[in-house]
Amino acid sequence: MLAAVIGLAGMGAAFGVILGIASKKFAVEVDPKVDAIMQIVPGANCGACGQPGCGGYAEAVVAGTVDPRCCAPGGALLYERIAAIMGTEVSDYEERQVAQLLCQGGIGQSKMLYRYKGIEDCAAALAAFKGPKACNYGCVRLGSCAKVCPFNAIEFGADGLPVVDYYKCTGCNKCVLECPQNILKLVDITRLAHVRCLNVDKGKDAKAVCSVACIKCKLCEKNCPEDAIHVVPSGSGTVAIIDYAKCTNCGICVTKCPTKAIDMISPIAEKVILQMKDHVDEDLQRSESSKSK
Amino acid sequence: MQDYFIIIVSAVLINNIVLSQFLGICPFVGVSKKLGAALGMGAAVTFVLVLAGGLTWAIQTYMLNPFNIGYLQTIAFILVIASLVQFVEMVIRKFSPALYKSLGVYLPLITTNCAVLGVAILNIQKEFSLLQALVFSLSHAIGFTLALVLMAGIRERLEDADTPKCMRGMPIALVTAALMSMSFLGFSGLV
């Protein structure tokens, strides 16, 4: 008994001392910049930058092998802060993007074919007669996107549709890739009007399965002052699509659309977006003042 | 001399640590997607296995046996292996950053690799001398690397193969592993 205790404790102590000495003797100096960047990266290890996790990204940024702009979750905010740490000039940064759900077929709006009782997964539900919804282009409402989101930015509204939280969404693209219906899309956060329907069937057929479907009436196209929205061929039919480069958020198409398939982000959401811009500005000032110190 | 030859052949082919003794399955499945990573993991395991083989042999002979505390074998060996991996990581990081980078996360993962502990215990069970234990460890490490590299080669080709959707990824990898294990049974009559 005594031999066992002393032996094992002695071994542990000996190895501990050896490791302690070794860690001092073989210490490798890490660039303090790497640590500083490690402190501010989102830490989700999403891999969107192509590096092995956020640690790899921080090292690669300091080594100069990767563009400090390519962290999708961190966005412009992180880029400014990294630039402050690295002491480099800030150059143009593209607008932050968030995921938009291109479907409004919530409970009550879209017709159902049957009640799905199975694995809580959109792709699994779609395997059974193209899903429980009568519309074959819409949201299955089983939340595969919410499950894959590393930032918990997707929650479910009263109508059963996923709602993207603009505060939390970082545009990492994971839900877009996960969605089996391909109805999530990354759009610049400043874009307010969206055609929230991808049903390419003829107007009558689309309207038959969902009250908020695009019926291809072309009223939006005729009334758009900027020539930014068109009913264009898509898949096996046509559907209205906004050219975000031309859209000025005027909202005329939203008021003209007879089925309300075109949606304007509510003033509340707009406020969130503006607030977020203030945050970015604040952080910019802070990093600038810390730089001047 | 013939003794050592038999040890090497039986460790590498006949009693292959992964495919016949089913130890070290996690890196075998986890780190066999790319040939480069498989080679890196193989090198790291070889390094640690040989060192751990020698060290645990010494611990058993000069500490556990004289004091009659052989029942502490498992915990003592785990202690040795964990410390050794830490130490090796520090040394490699200091003297060969390139190797450290290529081994990456696989190096610390070896701490929990059952192949290392398995070989260390086999060394004792078979009552080897120090040299025999080192040769035995080295050949088991070579066998491990061989299995990993073969698996990585097959899986790289499987990426391009038209596998049924339900079999893609892990299922086909496990089927492949089973087939490889069966084919390695063919070596069993060699010695």
Side-chain angles (χ1 to χ4, degrees), chain A residues 1-31 34-35 38 43 45 47 49-66 118-119 121-128 144 148 177-178 180, chain B residues 30-31 33-34 36-37 40 51-52 55-109 111 120 164-166 168:
Chain A
M1 179 64 196
L2 197 65
V5 172
I6 294 175
L8 214 56
M11 244 173 80
F15 282 128
V17 169
I18 292 172
L19 282 182
I21 295 170
S23 71
K24 281 271 184 295
K25 196 157 187 184
F26 299 122
V28 180
E29 279 194 20
V30 181
D31 196 326
V34 176
D35 278 335
M38 263 313 281
N45 292 323
C49 54
Q51 302 297 320
C54 293
Y57 178 69
E59 274 171 31
V61 166
V62 174
T65 52
V66 71
I119 310 165
D121 182 84
C122 300
L126 280 176
S144 289
V148 80
L177 296 176
E178 183 72 15
Chain B
V31 199
K33 275 191 184 147
K34 292 246 160 59
L51 277 177
L55 212 60
T56 51
W57 185 89
I59 294 270
Q60 178 78 29
T61 318
Y62 297 114
M63 198 188 112
L64 299 183
N65 284 350
F67 293 106
N68 246 338
I69 46 174
Y71 58 89
L72 287 179
Q73 195 187 47
T74 312
I75 190 166
F77 283 11
I78 284 285
L79 191 64
V80 171
I81 293 165
S83 313
L84 196 64
V85 170
Q86 285 286 315
F87 185 74
V88 166
E89 190 180 350
M90 281 185 234
V91 173
I92 292 184
R93 192 169 184 194
K94 178 79 179 173
F95 293 110
S96 176
L99 182 64
Y100 178 76
K101 232 182 186 156
S102 63
L103 291 182
V105 74
Y106 309 129
L107 199 51
L109 273 182
T111 316
K165 201 173 177 188
C166 60
R168 259 173 229 169

Practice prompt. Report the distance from atom CG of B:L64 to atom CE of A:M11, rounding to the nearest 0.5 Å.
Written response: 7.0 Å
Worksheet item: Which bit of B:M90 comes within less than 4.5 Å of chain A, counting heavy atoms only: side chain, backbone, both or neither?
Response: both
Practice prompt. Can you measure from CE (B:M63) to CG (A:L8) and round to the nearest 0.5 angstrom?
Written response: 6.5 Å
Discussion item. Can you tell me how far apart NZ (A:K25) and NZ (B:K94) are? Round to the nearest 0.5 Å.
Written reply: 10.5 Å
Discussion item. I'd like to know whether CD1 of B:I75 has more than 12 heavy-atom contacts from other residues, nucleotides or ligands below 6.0 angstrom.
Written reply: no
Worksheet entry | Heavy-atom closest pair, residues A:L19 and B:F87 | CD2-N, 3.7 Å
Item to complete: For residues A:A3 and B:I69, report the shortest heavy-atom separation together with the two atoms involved.
Response: O-CD1, 4.0 Å
Response to the item:
Scored by heavy-atom pairs under 4.5 Å with chain A, the best of B:L79, B:L84, B:V91 is B:L79
Worksheet item: Non-hydrogen atoms of chain A under 4.5 Å away: do they reach the side chain of B:I59, the backbone, both or neither?
Response: side chain
Item to complete: Assess whether atom OH of B:Y71 is packed by more than 12 heavy atoms of other residues, nucleotides or ligands within 6.0 Å.
Response: yes
